[in-house]
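Numbering of ligands and ligand atoms starts at 1, following listing order.
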Amino acid sequence: MPGAPVAAAVLGDVAQRVKALAEMGRSVGLGTILVGDDPASAGYIRMKQAKAVDLSIHSSHTQLPGHAAQVDLVAAIRAMNDDPRVDAMLVQHPVPAGIDYEAALSEMDPNKDVDGLHPFNMGRLALSMPGPVPCTPAGIEALLAHYQIPVAGRHVVILGRGTTLGRPLALLLSQKRPTANAAVTVVHSGIPSWDDYTRQADIVIAAAGVPGILRPEHVRPGAVVVGGGVRYEGRRLLPDVDESVAEVAGWITPRVGGVGPTTVAMLFRNTVVAAERRAPASKSGGATAGESG
Ligand SMILES: NC(=O)c1ccc[n+]([C@@H]2O[C@H](COP(=O)([O-])OP(=O)(O)OC[C@H]3O[C@@H](n4cnc5c(N)ncnc54)[C@H](OP(=O)(O)O)[C@@H]3O)[C@@H](O)[C@H]2O)c1
(Lines give C-alpha, C1' and ligand atoms only; values in the text may rest on other atoms or scores of the structure.)
Protein backbone atom coordinates (compact mmCIF):
# COMPACT_ATOMS: atom_id res chain seq x y z
CA MET A 1 0.00 0.00 0.00
CA PRO A 2 1.40 3.41 -0.89
CA GLY A 3 2.94 5.85 1.55
CA ALA A 4 1.57 8.91 -0.25
CA PRO A 5 -1.70 9.29 1.74
CA VAL A 6 0.23 9.05 5.02
CA ALA A 7 2.77 11.60 3.80
CA ALA A 8 0.03 13.95 2.59
CA ALA A 9 -1.69 13.93 5.99
CA VAL A 10 1.56 14.57 7.86
CA LEU A 11 2.68 17.30 5.46
CA GLY A 12 -0.73 18.99 5.64
CA ASP A 13 -0.31 19.24 9.40
CA VAL A 14 3.28 20.52 8.97
CA ALA A 15 2.08 23.26 6.60
CA GLN A 16 -0.47 24.46 9.16
CA ARG A 17 2.13 24.55 11.90
CA VAL A 18 4.64 26.44 9.72
CA LYS A 19 1.88 28.96 9.02
CA ALA A 20 1.12 29.31 12.73
CA LEU A 21 4.79 30.03 13.43
CA ALA A 22 4.92 32.53 10.57
CA GLU A 23 1.97 34.36 12.14
CA MET A 24 4.11 34.71 15.25
CA GLY A 25 6.93 36.13 13.14
CA ARG A 26 8.97 32.92 13.23
CA SER A 27 10.38 31.25 10.15
CA VAL A 28 11.27 27.56 10.11
CA GLY A 29 14.68 26.44 8.82
CA LEU A 30 16.16 23.09 7.78
CA GLY A 31 19.91 22.69 7.34
CA THR A 32 21.38 19.93 5.18
CA ILE A 33 24.99 18.78 4.85
CA LEU A 34 26.21 16.56 2.03
CA VAL A 35 29.69 15.10 1.87
CA GLY A 36 30.70 14.10 -1.66
CA ASP A 37 28.73 13.91 -4.86
CA ASP A 38 26.95 10.57 -4.71
CA PRO A 39 24.11 11.05 -7.25
CA ALA A 40 21.43 9.35 -5.12
CA SER A 41 22.35 11.43 -2.06
CA ALA A 42 22.47 14.63 -4.10
CA GLY A 43 19.03 13.73 -5.48
CA TYR A 44 17.66 13.23 -1.97
CA ILE A 45 19.00 16.64 -0.92
CA ARG A 46 17.41 18.34 -3.96
CA MET A 47 14.11 16.64 -3.24
CA LYS A 48 14.19 17.74 0.42
CA GLN A 49 15.03 21.32 -0.60
CA ALA A 50 12.16 21.37 -3.09
CA LYS A 51 9.75 20.04 -0.48
CA ALA A 52 11.00 22.68 1.98
CA VAL A 53 10.13 25.39 -0.56
CA ASP A 54 6.63 23.89 -0.94
CA LEU A 55 6.19 24.09 2.82
CA SER A 56 7.64 27.62 3.14
CA ILE A 57 10.55 26.21 5.14
CA HIS A 58 13.88 27.99 4.71
CA SER A 59 16.69 25.62 3.68
CA SER A 60 20.43 26.09 4.20
CA HIS A 61 22.84 23.69 2.55
CA THR A 62 26.53 22.99 3.11
CA GLN A 63 28.25 20.98 0.40
CA LEU A 64 31.55 19.34 1.34
CA PRO A 65 33.87 17.63 -1.15
CA GLY A 66 34.17 13.84 -1.13
CA HIS A 67 37.70 14.15 0.24
CA ALA A 68 36.55 16.25 3.22
CA ALA A 69 38.03 15.21 6.55
CA GLN A 70 36.13 14.52 9.76
CA VAL A 71 37.14 17.95 11.09
CA ASP A 72 35.54 19.63 8.06
CA LEU A 73 32.26 17.87 8.72
CA VAL A 74 32.41 18.69 12.42
CA ALA A 75 33.04 22.36 11.54
CA ALA A 76 30.02 22.39 9.21
CA ILE A 77 27.82 20.84 11.91
CA ARG A 78 29.00 23.34 14.53
CA ALA A 79 28.30 26.24 12.17
CA MET A 80 24.71 25.03 11.82
CA ASN A 81 24.45 24.52 15.59
CA ASP A 82 25.19 28.24 15.92
CA ASP A 83 23.03 29.42 13.01
CA PRO A 84 19.75 30.82 14.37
CA ARG A 85 18.05 30.30 10.99
CA VAL A 86 18.54 26.53 11.33
CA ASP A 87 15.97 24.85 13.56
CA ALA A 88 16.80 21.32 12.47
CA MET A 89 19.61 19.74 10.48
CA LEU A 90 20.80 16.51 8.96
CA VAL A 91 23.93 14.98 7.52
CA GLN A 92 22.91 13.01 4.44
CA HIS A 93 23.68 9.29 4.84
CA PRO A 94 25.74 7.45 3.61
CA VAL A 95 28.96 9.40 4.04
CA PRO A 96 32.20 8.54 2.21
CA ALA A 97 34.58 5.99 3.73
CA GLY A 98 36.87 7.75 6.14
CA ILE A 99 34.09 9.77 7.77
CA ASP A 100 32.75 8.47 11.06
CA TYR A 101 29.03 9.22 10.74
CA GLU A 102 28.06 8.35 14.32
CA ALA A 103 30.94 10.42 15.75
CA ALA A 104 29.91 13.37 13.58
CA LEU A 105 26.29 13.10 14.76
CA SER A 106 27.46 13.47 18.34
CA GLU A 107 28.64 16.99 17.45
CA MET A 108 25.13 18.07 16.56
CA ASP A 109 22.97 20.09 18.92
CA PRO A 110 20.51 17.34 19.94
CA ASN A 111 17.66 19.85 19.74
CA LYS A 112 18.44 20.38 16.04
CA ASP A 113 18.85 16.68 15.26
CA VAL A 114 16.06 16.18 12.73
CA ASP A 115 16.87 12.50 12.17
CA GLY A 116 16.79 11.70 15.89
CA LEU A 117 20.10 9.88 15.61
CA HIS A 118 22.15 11.81 18.18
CA PRO A 119 23.01 9.49 21.11
CA PHE A 120 20.96 11.76 23.39
CA ASN A 121 17.88 11.32 21.20
CA MET A 122 18.42 7.59 20.76
CA GLY A 123 18.52 7.47 24.55
CA ARG A 124 15.22 9.34 24.70
CA LEU A 125 13.76 6.82 22.27
CA ALA A 126 15.07 3.89 24.30
CA LEU A 127 13.42 5.39 27.40
CA SER A 128 10.15 6.23 25.55
CA MET A 129 10.71 9.92 26.25
CA PRO A 130 9.39 12.54 23.81
CA GLY A 131 11.92 13.61 21.22
CA PRO A 132 12.67 13.39 17.51
CA VAL A 133 12.14 9.83 16.30
CA PRO A 134 14.30 8.68 13.36
CA CYS A 135 12.29 9.42 10.24
CA THR A 136 12.04 6.03 8.54
CA PRO A 137 11.00 4.16 11.70
CA ALA A 138 8.45 6.88 12.48
CA GLY A 139 7.19 6.65 8.90
CA ILE A 140 6.82 2.88 9.09
CA GLU A 141 4.83 3.09 12.32
CA ALA A 142 2.57 5.74 10.78
CA LEU A 143 2.15 3.68 7.60
CA LEU A 144 1.04 0.58 9.51
CA ALA A 145 -1.29 2.66 11.67
CA HIS A 146 -2.80 4.40 8.63
CA TYR A 147 -3.65 1.08 6.97
CA GLN A 148 -4.91 -0.31 10.30
CA ILE A 149 -2.38 -3.13 10.36
CA PRO A 150 -2.41 -4.40 13.93
CA VAL A 151 1.03 -4.18 15.50
CA ALA A 152 0.21 -4.34 19.22
CA GLY A 153 0.54 -7.88 20.49
CA ARG A 154 2.03 -9.10 17.19
CA HIS A 155 5.45 -10.56 16.49
CA VAL A 156 7.54 -8.18 14.39
CA VAL A 157 10.85 -9.41 12.98
CA ILE A 158 13.24 -6.75 11.71
CA LEU A 159 16.00 -7.86 9.35
CA GLY A 160 18.84 -5.43 10.16
CA ARG A 161 20.06 -3.58 13.25
CA GLY A 162 21.49 -0.49 11.55
CA THR A 163 21.57 2.96 13.10
CA THR A 164 19.07 4.68 10.82
CA LEU A 165 16.47 1.94 10.56
CA GLY A 166 16.57 -1.46 12.27
CA ARG A 167 17.73 -0.48 15.73
CA PRO A 168 15.55 2.61 16.27
CA LEU A 169 12.57 0.81 14.72
CA ALA A 170 12.96 -2.02 17.23
CA LEU A 171 12.96 0.52 20.06
CA LEU A 172 9.93 2.30 18.63
CA LEU A 173 7.73 -0.71 17.96
CA SER A 174 8.42 -2.20 21.39
CA GLN A 175 7.16 0.95 23.13
CA LYS A 176 3.95 0.71 25.14
CA ARG A 177 1.60 2.62 22.80
CA PRO A 178 -1.47 1.49 20.83
CA THR A 179 0.32 1.67 17.44
CA ALA A 180 3.38 -0.20 18.73
CA ASN A 181 3.46 -2.58 21.72
CA ALA A 182 4.81 -5.49 19.66
CA ALA A 183 7.08 -8.42 20.45
CA VAL A 184 10.12 -7.39 18.43
CA THR A 185 12.91 -9.66 17.24
CA VAL A 186 15.94 -8.21 15.47
CA VAL A 187 18.03 -10.43 13.18
CA HIS A 188 21.22 -9.54 11.35
CA SER A 189 24.30 -10.99 9.70
CA GLY A 190 25.30 -12.64 12.97
CA ILE A 191 22.25 -14.91 12.65
CA PRO A 192 22.94 -17.13 9.62
CA SER A 193 19.51 -18.80 9.94
CA TRP A 194 17.64 -15.48 10.28
CA ASP A 195 14.87 -16.90 8.11
CA ASP A 196 13.91 -19.24 10.98
CA TYR A 197 12.76 -16.03 12.69
CA THR A 198 11.23 -14.17 9.76
CA ARG A 199 9.10 -17.23 8.94
CA GLN A 200 7.50 -16.99 12.38
CA ALA A 201 6.71 -13.29 12.11
CA ASP A 202 3.32 -11.65 11.78
CA ILE A 203 5.15 -8.62 10.36
CA VAL A 204 8.54 -8.76 8.62
CA ILE A 205 10.40 -5.50 8.11
CA ALA A 206 13.38 -5.60 5.77
CA ALA A 207 16.05 -3.13 6.87
CA ALA A 208 19.28 -4.63 5.52
CA GLY A 209 20.14 -2.66 2.40
CA VAL A 210 20.81 -5.91 0.51
CA PRO A 211 18.84 -6.06 -2.75
CA GLY A 212 16.44 -9.00 -2.94
CA ILE A 213 17.55 -10.48 0.40
CA LEU A 214 13.96 -11.21 1.47
CA ARG A 215 12.40 -13.90 -0.67
CA PRO A 216 9.02 -15.72 -0.53
CA GLU A 217 10.46 -18.72 1.31
CA HIS A 218 11.51 -16.40 4.17
CA VAL A 219 7.96 -15.23 4.86
CA ARG A 220 4.94 -16.98 6.37
CA PRO A 221 2.06 -16.95 3.86
CA GLY A 222 -0.30 -14.10 4.73
CA ALA A 223 2.27 -12.15 6.75
CA VAL A 224 2.66 -8.38 6.53
CA VAL A 225 5.87 -7.32 4.75
CA VAL A 226 7.38 -3.85 4.90
CA GLY A 227 10.30 -2.95 2.67
CA GLY A 228 12.52 -0.33 4.30
CA GLY A 229 15.99 -1.28 3.10
CA VAL A 230 17.13 -0.17 -0.32
CA ARG A 231 20.42 0.18 -2.15
CA TYR A 232 21.15 2.57 -4.97
CA GLU A 233 23.19 1.58 -7.99
CA GLY A 234 23.62 4.93 -9.64
CA ARG A 235 20.06 6.21 -9.75
CA ARG A 236 18.54 2.72 -9.76
CA LEU A 237 16.78 1.82 -6.52
CA LEU A 238 17.13 -1.82 -5.50
CA PRO A 239 14.82 -2.88 -2.64
CA ASP A 240 15.55 -5.57 -0.04
CA VAL A 241 12.22 -7.26 -0.76
CA ASP A 242 12.19 -9.39 -3.87
CA GLU A 243 9.14 -8.70 -6.01
CA SER A 244 8.01 -12.36 -5.76
CA VAL A 245 7.33 -11.86 -2.01
CA ALA A 246 4.08 -10.13 -3.02
CA GLU A 247 2.75 -13.55 -4.07
CA VAL A 248 2.83 -14.86 -0.48
CA ALA A 249 2.42 -11.74 1.67
CA GLY A 250 -0.99 -10.82 3.03
CA TRP A 251 -0.11 -7.12 2.88
CA ILE A 252 3.02 -5.54 1.45
CA THR A 253 4.45 -2.11 0.79
CA PRO A 254 5.13 -1.27 -2.86
CA ARG A 255 8.75 -1.50 -3.96
CA VAL A 256 8.69 2.20 -4.80
CA GLY A 257 6.52 4.81 -3.05
CA GLY A 258 5.92 2.83 0.14
CA VAL A 259 8.17 3.77 3.04
CA GLY A 260 10.11 6.54 1.22
CA PRO A 261 7.39 9.24 1.15
CA THR A 262 6.59 8.70 4.82
CA THR A 263 10.28 9.17 5.70
CA VAL A 264 10.33 12.57 3.99
CA ALA A 265 7.11 13.62 5.70
CA MET A 266 8.51 12.71 9.12
CA LEU A 267 11.63 14.73 8.39
CA PHE A 268 9.52 17.84 7.99
CA ARG A 269 7.40 17.01 10.98
CA ASN A 270 10.55 16.74 13.10
CA THR A 271 11.70 20.06 11.61
CA VAL A 272 8.56 21.95 12.57
CA VAL A 273 8.49 20.35 16.01
CA ALA A 274 12.10 21.52 16.54
CA ALA A 275 11.07 25.04 15.51
CA GLU A 276 8.07 24.99 17.84
CA ARG A 277 10.29 23.90 20.70
CA ARG A 278 12.40 27.00 20.15
CA ALA A 279 9.39 29.31 19.78
CA PRO A 280 6.22 27.54 20.83
CA ALA A 281 3.32 28.15 18.48
CA SER A 282 -0.28 28.23 19.64
CA LYS A 283 -0.68 24.65 18.53
CA SER A 284 -3.64 22.54 17.67
CA GLY A 285 -2.05 19.16 16.94
CA GLY A 286 1.17 19.77 18.83
CA ALA A 287 2.43 16.21 19.49
CA THR A 288 6.17 15.74 19.43
CA ALA A 289 7.52 13.15 17.07
CA GLY A 290 7.97 10.84 20.03
CA GLU A 291 4.24 10.92 20.58
CA SER A 292 3.43 10.31 16.95
CA GLY A 293 1.69 7.44 15.35
N1 LIG B 1 13.30 3.92 2.66
C2 LIG B 1 13.91 4.95 3.27
O3 LIG B 1 13.44 6.09 3.22
C4 LIG B 1 15.16 4.68 4.04
C5 LIG B 1 15.64 5.59 4.99
C6 LIG B 1 16.77 5.24 5.77
C7 LIG B 1 17.40 4.04 5.51
N8 LIG B 1 16.93 3.23 4.52
C9 LIG B 1 17.58 1.99 4.17
O10 LIG B 1 17.51 1.09 5.25
C11 LIG B 1 18.58 0.19 5.15
C12 LIG B 1 19.21 0.06 6.50
O13 LIG B 1 19.80 1.29 6.87
P14 LIG B 1 20.81 1.35 8.07
O15 LIG B 1 21.48 2.64 8.06
O16 LIG B 1 20.06 0.93 9.29
O17 LIG B 1 21.82 0.21 7.53
P18 LIG B 1 23.11 -0.46 8.03
O19 LIG B 1 23.68 0.27 9.18
O20 LIG B 1 23.93 -0.74 6.84
O21 LIG B 1 22.54 -1.86 8.60
C22 LIG B 1 22.22 -2.93 7.77
C23 LIG B 1 21.83 -4.10 8.64
O24 LIG B 1 21.51 -5.20 7.82
C25 LIG B 1 22.20 -6.36 8.27
N26 LIG B 1 22.58 -7.21 7.15
C27 LIG B 1 23.31 -6.85 6.08
N28 LIG B 1 23.49 -7.93 5.26
C29 LIG B 1 22.86 -8.96 5.86
C30 LIG B 1 22.71 -10.33 5.52
N31 LIG B 1 23.21 -10.84 4.39
N32 LIG B 1 22.03 -11.12 6.36
C33 LIG B 1 21.49 -10.63 7.50
N34 LIG B 1 21.61 -9.33 7.88
C35 LIG B 1 22.29 -8.52 7.06
C36 LIG B 1 23.45 -5.85 8.95
O37 LIG B 1 23.93 -6.79 9.85
P38 LIG B 1 25.22 -6.51 10.81
O39 LIG B 1 24.74 -5.53 11.84
O40 LIG B 1 25.52 -7.83 11.38
O41 LIG B 1 26.26 -5.95 9.91
C42 LIG B 1 22.93 -4.56 9.59
O43 LIG B 1 22.39 -4.82 10.85
C44 LIG B 1 19.50 0.75 4.05
O45 LIG B 1 19.22 0.06 2.88
C46 LIG B 1 19.04 2.17 3.89
O47 LIG B 1 19.23 2.61 2.56
C48 LIG B 1 15.82 3.51 3.82
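At a threshold of 4.0 Å, the pair R278-D87 counts as salt-bridged, since one of the basic side-chain nitrogens sits closer than that to a carboxylate oxygen.
Using cut-offs of 30° and 60° for the angle between ring planes, the Y232 and Y44 rings count as perpendicular.
When atom types are taken as modelled, the side chain of N270 and the backbone of V114 share a donor-acceptor pair closer than 3.5 angstrom. Listed for the Q175 side chain is no donor-acceptor partner under 3.5 Å among the backbone atoms of A180. Between the side chain of H61 and the backbone N or O of T32 there is at least one donor-acceptor pair closer than 3.5 Å.
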Per-pair distances, 0.1 Å, donor-acceptor, side chain in residues 222-231, under 3.5 Å, sequence neighbours excluded:
{"residue": "R231", "atom": "NE", "partner": "G209", "partner atom": "O", "Å": "3.4"}
{"residue": "R231", "atom": "NH2", "partner": "G209", "partner atom": "O", "Å": "3.3"}

Can you pull every nitrogen or oxygen pair between ligand 1 and the protein closer than 3.5 angstrom?
{"residue": "ligand 1", "atom": "1 (N)", "partner": "G228", "partner atom": "O", "Å": "3.3"}
{"residue": "ligand 1", "atom": "3 (O)", "partner": "T263", "partner atom": "OG1", "Å": "3.1"}
{"residue": "ligand 1", "atom": "13 (O)", "partner": "T164", "partner atom": "OG1", "Å": "3.3"}
{"residue": "ligand 1", "atom": "15 (O)", "partner": "T164", "partner atom": "OG1", "Å": "2.6"}
{"residue": "ligand 1", "atom": "16 (O)", "partner": "T164", "partner atom": "OG1", "Å": "3.4"}
{"residue": "ligand 1", "atom": "16 (O)", "partner": "L165", "partner atom": "N", "Å": "3.2"}
{"residue": "ligand 1", "atom": "34 (N)", "partner": "S189", "partner atom": "N", "Å": "3.1"}
{"residue": "ligand 1", "atom": "37 (O)", "partner": "S189", "partner atom": "N", "Å": "3.4"}
{"residue": "ligand 1", "atom": "39 (O)", "partner": "R161", "partner atom": "NE", "Å": "2.7"}
{"residue": "ligand 1", "atom": "40 (O)", "partner": "R161", "partner atom": "NH2", "Å": "2.9"}
{"residue": "ligand 1", "atom": "40 (O)", "partner": "S189", "partner atom": "N", "Å": "3.3"}
{"residue": "ligand 1", "atom": "40 (O)", "partner": "S189", "partner atom": "OG", "Å": "2.4"}
{"residue": "ligand 1", "atom": "43 (O)", "partner": "R161", "partner atom": "N", "Å": "2.7"}
{"residue": "ligand 1", "atom": "45 (O)", "partner": "G209", "partner atom": "N", "Å": "3.4"}
{"residue": "ligand 1", "atom": "45 (O)", "partner": "V230", "partner atom": "N", "Å": "2.9"}
{"residue": "ligand 1", "atom": "45 (O)", "partner": "V230", "partner atom": "O", "Å": "2.6"}
{"residue": "ligand 1", "atom": "47 (O)", "partner": "V230", "partner atom": "O", "Å": "3.1"}

